[in-house]
Asks: 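Okay, here's the structure, questions in a sec.
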Amino acid sequence: MSSVAMFWVASASTDPINNMLCNGFPDQSSSTRALTKQAPKLKRGRRNGVYLKYSCLGSSERSYGFPILSSLVANPAGEIAGPSEQKVYNVVLKQAALVNKQLRSADHALDVKPDLVFPGTLSLLSEAYDRCGEVCAEYAKTFYLGTMLMTLERRKAIWAIYVWCRRTDELVDGPNASHITPTALDRWEARLEDVFQGRPYDMLDAALSDTVNRFPVDIQPFKDMIEGMRMDLRKSRYMNFDELYLYCYYVAGTVGLMSVPVMGISPESKASTESVYNAALALGIANQLTNILRDVGEDARRGRVYLPQDELAQAGLSDEDIFAGKVTDKWRIFMKSQIKRARMFFDQAEKGVTELSAASRWPVWASLLLYRKILDEIEVNDYNNFTKRAYVGKAKKIMALPVAYARSMIQPSRTSSSLVEA
Ligand SMILES: CC(C)=CCC/C(C)=C/CC/C(C)=C/CC/C(C)=C/[C@@H]1[C@@H](COP(=O)(O)OP(=O)(O)O)[C@]1(C)CC/C=C(\C)CC/C=C(\C)CCC=C(C)C
Ligand SMILES: [Mn+2]
């Protein structure tokens, strides 16, 4: 058994903090049950659907690829970079420096740390990863299919990261969201630290613990995602794009930074590691901006307006217009500019996908093309994102897959000029 799995089994029923956090095995009375089928079961519910079983809550609380050298550097939208972008860019530089060498190895499998195998428990982690795969398939089917092209090691690791992100998001977006307090998020963060130290609380955590032990994944983007959830708890308005950018980094840009160390950069790539990380960050930001533009009405019904207040005011709009939910010419003009900005982030991200290791490109292209299509659908809906959900139909999804595949065949360029260097 790996040391990670061993800790998990040993601690599952005895650690008081573990019990307090309801570790996903709420009725588990002996460690042996962790070895059998007592792993957290998915509850039927939302999204075809499963809810992830929650665990960390007590019952009572339920540059953009441009070097940012000074504050006068423009982002892809031609805007002047603000303090948030500089802050985030520093994280990008740190993450890139941490992993520089390992990511470019021709055969990553050789670098992957071996599992310490103890007889009789070989299947434990494999079961944990399978469960992560099931969750992933349930919540994000197309993406799950895309991961099937990755090497087994990478695929399992991406599933484990996906599940952690999904659980984190569900804390503020899921069925128990109204019970979430900053203290619950602090507990989730303490638990994350344990995961990184090889002390997982439950089966899904055990898979992540193993992943971060094998790949050069740093804890910072994970902590930052939790920070994004804190931000969601305390804030329902964003004064300007700089504030929104920071939020988008926290909840989605971080996903890019978590994923690149697992996906790997092609050994043929001449691009700098930080430029690939910047592209990954851009994809997260683009996805989140798209998510926000798609969900304007839904968010407004929850009292949330993510759109920058200063830009709304410049367009002659206010919260009241959003709550009224009327598609006016002012709204159309405003939406066009928001969509344009999101597309610029997608363009920025595109430059980095080709630099990823060959087997990782297809799922990333697929996710990029499909998410970007949501913007087209907002246009098709004549910018009514108050009452119509922009949705990419099955046929369009299927048609995008071979396009993604063809793009994933493109090899990294032999020069570094195709990607803006950091
Ligand atoms: C191949 C691939 C896409 C890998 C990423 C896998 C992964 C770990 C995904 C986690 C996603 C997740 C659950 C994040 C939690 C926060 C959240 C929900 C963010 C929103 C995602 C969309 O989810 P959905 O539409 O279901 O939203 P609702 O919950 O319904 O509101 C986000 C909009 C952001 C997700 C961000 C990404 C997928 C970033 C992907 C970037 C990369 C994989 C880097 C690629 C590398 C280069 C060089 C471009
Ligand atoms: Mn969400």
Side-chain angles (χ1 to χ4, degrees), residues 46-47 49 52 65 92 96 103 132 135-136 139-150 154-155 157-174 177 208 211 217 221-222 224-226 228-229 232 247-266 269 271 273-295 298-299 302 306 342 345-357 359-371 374 389-392 404 408 412 419:
R46 179 189 184 222
R47 187 147 3 192
L52 296 175
V92 166
L103 279 185
C132 291
V135 172
C136 196
Y139 274 78
K141 194 153 268 142
T142 318
F143 161 65
Y144 171 79
L145 291 177
T147 60
M148 294 317 250
L149 285 190
M150 293 177 161
R154 286 184 171 139
R155 178 193 320 158
I158 287 289
W159 290 345
I161 294 175
Y162 178 88
V163 166
W164 185 86
C165 291
R166 183 49 71 195
R167 292 176 108 181
T168 305
D169 184 59
E170 289 279 300
L171 291 177
V172 294
D173 248 9
L208 182 63
T211 288
V217 176
F222 292 80
D224 285 347
M225 184 180 278
I226 297 175
M229 304 304 155
D232 238 339
Y247 173 73
C248 291
Y249 158 67
Y250 281 145
V251 300
T254 48
V255 179
L257 305 190
M258 295 168 191
S259 307
V260 172
V262 171
M263 293 180 173
I265 299 175
S266 166
S269 171
T273 307
E274 26 322 351
S275 65
V276 179
Y277 267 89
N278 251 345
L281 167 69
L283 183 53
I285 305 274
N287 284 348
Q288 191 59 34
L289 289 175
T290 302
N291 191 288
I292 286 169
L293 298 179
R294 181 192 66 189
D295 296 343
E298 196 182 310
D299 290 333
R302 298 188 303 145
Y306 289 98
F345 280 97
F346 278 118
D347 292 348
Q348 188 64 41
E350 279 202 2
K351 298 174 190 156
V353 190
T354 305
E355 311 300 326
L356 293 173
S357 68
S360 302
R361 284 179 219 141
W362 190 70
V364 176
W365 270 122
S367 116
L368 186 155
L369 296 176
L370 291 175
Y371 228 83
I374 295 174
R389 187 177 166 98
Y391 170 77
V392 182
S408 69
L419 248 188

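Please read all numbers here as calculations on a predicted model, not as lab measurements. One-based numbering, in listed order, for ligands and for the atoms of each.
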Asks: Indicate yes or no: at least one non-hydrogen side-chain atom of Val217 is less than 4.5 angstrom from one of Phe222.
Replies: yes
Asks: For ligand 1, which atoms sit closer than 4.0 Å to a heavy atom of Gly352?
Replies: 48 (C)
Asks: Is any side-chain heavy atom of Phe346 closer than 4.5 Å to one of Asn287?
Replies: yes
Asks: For Met263, is the nearest heavy atom under 4.0 Å from an atom of ligand 1?
Replies: yes
Asks: Of all the atoms in ligand 1, which lie at a distance below 4.0 Å from a heavy atom belonging to Ser259?
Replies: 5 (C), 43 (C)
Asks: Starting at CD1 of Ile161, measure out to OG1 of Thr211 and round the result to the nearest 0.5 Å.
Replies: 6.0 Å
Asks: Under 4.0 Å from any heavy atom of Ala252, which atoms of ligand 1 are there?
Replies: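 Numbered from 1, ligand 1 contributes 34 (C), 36 (C).
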Asks: Do you know which two heavy atoms are closest between Ala160 and Cys132, and how far apart they sit?
Replies: CA-SG, 3.9 Å
Asks: Show the atoms of ligand 1 that are less than 4.0 angstrom away from any heavy atom in Val251.
Replies: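 With Val251 as reference, the close atoms of ligand 1 come out as 16 (C), 19 (C).
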Asks: If you take the nearest heavy atom of each of Phe143, Trp159, Tyr277, which one is closest to atom 1 (C) of ligand 1?
Replies: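 It is Phe143 that holds the nearest heavy atom.
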Asks: Please list, in number order, the atoms of ligand 1 under 4.0 Å from a heavy atom of Val364.
Replies: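 Under 4.0 Å from Val364, ligand 1 has these atoms: 1 (C), 45 (C).
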Asks: Are Val163 and Tyr139 close enough that some pair of their side-chain heavy atoms sits under 4.5 Å apart?
Replies: no
Asks: What are the two closest heavy atoms between Ala286 and Phe345, and how far apart are they?
Replies: CB-CB, 3.6 Å
Asks: With the threshold set at 4.0 Å, does a side-chain nitrogen-carboxylate oxygen contact exist between Asp173 and Arg302?
Replies: yes
Asks: Under 4.0 Å from a heavy atom of Ile161: give me the atoms of ligand 1 that qualify, with their elements.
Replies: 8 (C)
Asks: Between Val353, Leu283, Ile292, which one has a non-hydrogen atom sitting closest to atom 41 (C) of ligand 1?
Replies: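 Looking at heavy atoms only, the winner is Leu283.
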Asks: Give every donor-acceptor pair under 3.5 Å between a side-chain atom in residues 359-367 and any protein atom, sequence neighbours left out.
Replies:
from, atom 1, to, atom 2, distance (Å)
Ser360, OG, Met263, O, 2.9
Ser360, OG, Ser357, OG, 3.1
Arg361, NE, Thr354, O, 3.2
Arg361, NE, Leu356, O, 2.9
Arg361, NH1, Ser408, O, 2.9
Arg361, NH1, Ile410, O, 3.0
Arg361, NH2, Leu356, O, 3.4
Trp362, NE1, Leu401, O, 3.0

Asks: Would you call Tyr306 and Gln288 a side-chain contact if the rule is heavy atoms closer than 4.5 Å?
Replies: no
Asks: Give the numbers and elements of all ligand 1 atoms closer than 4.0 Å to a heavy atom of Val276.
Replies: 48 (C)
Asks: Using heavy-atom distances, let me know which of Tyr371, Tyr162, Tyr139 sits nearest atom 24 (P) of ligand 1.
Replies: Tyr371
Asks: Have a look at ligand 1 and work out which part of Leu356, if any, has a heavy atom under 4.0 Å from it: side chain, backbone, both or neither.
Replies: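 Side chain only.
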Asks: May I ask you to check whether Ser367 has an N/O atom sitting below 3.5 Å from an N/O atom of ligand 1?
Replies: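 No; the residue has no nitrogen or oxygen that sits under 3.5 Å from a nitrogen or oxygen of the ligand.
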Asks: At less than 4.0 angstrom from any non-hydrogen atom of Gly256, what atoms of ligand 1 do you find?
Replies: 41 (C), 42 (C), 44 (C)
